Each structure stands twice: as structure tokens, then as C-alpha cells.
Amino acid sequence: MGVYDKLRDHLRAARFSEMVLTFREIEDIIGRPLPNSAVRPQWWANETNPNTTRSQRIAWRDAGYDAFLIRDAHKVRFKRQ
């Protein structure tokens, strides 16, 4: 099981077209702290390259969402594709 599989599953189960999760909520879902680099917008980039190795991106994209960092708030807006 990958680190972000639980996030993927959480997003798949959501019935919302858009939702905001705090870093803390995401950490509770995945069961570990997010890396320090998660404060950077690049970490949340919605890369569509099928060869990406960024497991966090694969998780939310596989769930059908795009992710958008809410700067300085430690929150992320997930929006259905």
C-alpha cells in the first residue's frame, strides 16, 4: 500500500465536487506527517504526465480530483476534474 492510497480512497468516497482539507486532516487520513515540501505549490501540481512518479499526484488524480494549495493557510482545495 502506498503512502497516499488512503488519501485516494478518501477522495474517491467523497460525494463533493469540491472540498477543502487542512494539512492536519490530510495527515490524519494518511497516518503520517506531510513532507516539509508540501508548503510549496509545486508539490500540489496537477501534472498529467502518465509517467509521473509523484505518488501524491497519482493519488488525487486517480480519485478524479485536481489539488490546489491555499497558500499560507496549510489547506488544499480538491476539485473534481
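Computed over heavy atoms, backbone and side chain alike; hydrogens, waters and symmetry mates excluded. A quick note: this is a predicted structure, and the numbers were derived from the prediction, not measured.
- For E25, the side chain to side chain donor-acceptor pair (under 3.5 Å) test picks out T22, with sequence neighbours left out.
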Can you give each donor-acceptor pair under 3.5 Å made by side-chain atoms of residues 74-81, sequence neighbours left out, with the distance rounded to 0.1 Å?
| from | atom 1 | to | atom 2 | distance (Å) |
| --- | --- | --- | --- | --- |
| R80 | NE | F16 | O | 3.3 |
| R80 | NH2 | A14 | O | 2.7 |
| R80 | NH2 | Y65 | OH | 3.3 |
| Q81 | NE2 | Y65 | O | 3.1 |
| Q81 | NE2 | D66 | OD1 | 3.4 |

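- When all heavy atoms of L69 and P41 are compared, the pair lying nearest together is CD2-N, 3.6 Å.
- For Y4, the ring-ring contact (aromatic ring centres under 6.0 Å, His included) test picks out W43, with sequence neighbours left out.
- Of all heavy-atom pairs between P33 and E27, the closest is CA-OE2, 3.6 Å.
- Note that the CG atom of D62 and the CZ atom of R8 stand 6.5 Å from one another [nearest 0.5 Å].
- D9 pairs by the side chain to side chain contact (heavy atoms under 4.5 Å, CB included) definition with R12, not counting sequence neighbours.
- Residues F68 and V39 do not share a hydrophobic cluster, clusters being chains of Ile/Leu/Val/Met/Phe/Trp/Tyr side chains in contact below 4.5 Å.
- Legend: residues meeting salt bridge (Lys or Arg N to Asp or Glu O under 4.0 Å) with D28, ordered by chain and number and at least two apart, are absent.
- By the criterion of side-chain heavy atoms lying less than 4.5 angstrom apart, applied directly or through intervening Ile, Leu, Val, Met, Phe, Trp or Tyr residues, I58 is not grouped with L21; the two fall into different hydrophobic clusters.
- Here V20 sits in one hydrophobic cluster together with I70; the rule is ILVMFWY side chains under 4.5 Å apart, joined directly or through other members.
- The minimum heavy-atom distance between W60 and A67, with the atom names listed, is CE2-CB, 3.5 Å.
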Open item on the list: I'd like to know whether L11 forms a side-chain contact (heavy atoms from CB on, under 4.5 Å) with M19, so could you lay out the CA-CA distance, the side-chain angles of the two residues, the decisive distance to 0.1 Å, and finally the verdict.
Closed with: CA-CA 9 Å; L11 292 171; M19 70 165 105; 3.8 Å; yes

Open item on the list: Run R61 and N46 through side-chain contact (heavy atoms from CB on, under 4.5 Å) and show every step you take.
Closed with: CA-CA 8 Å; R61 303 270 317 160; N46 295 295; 3.9 Å; yes

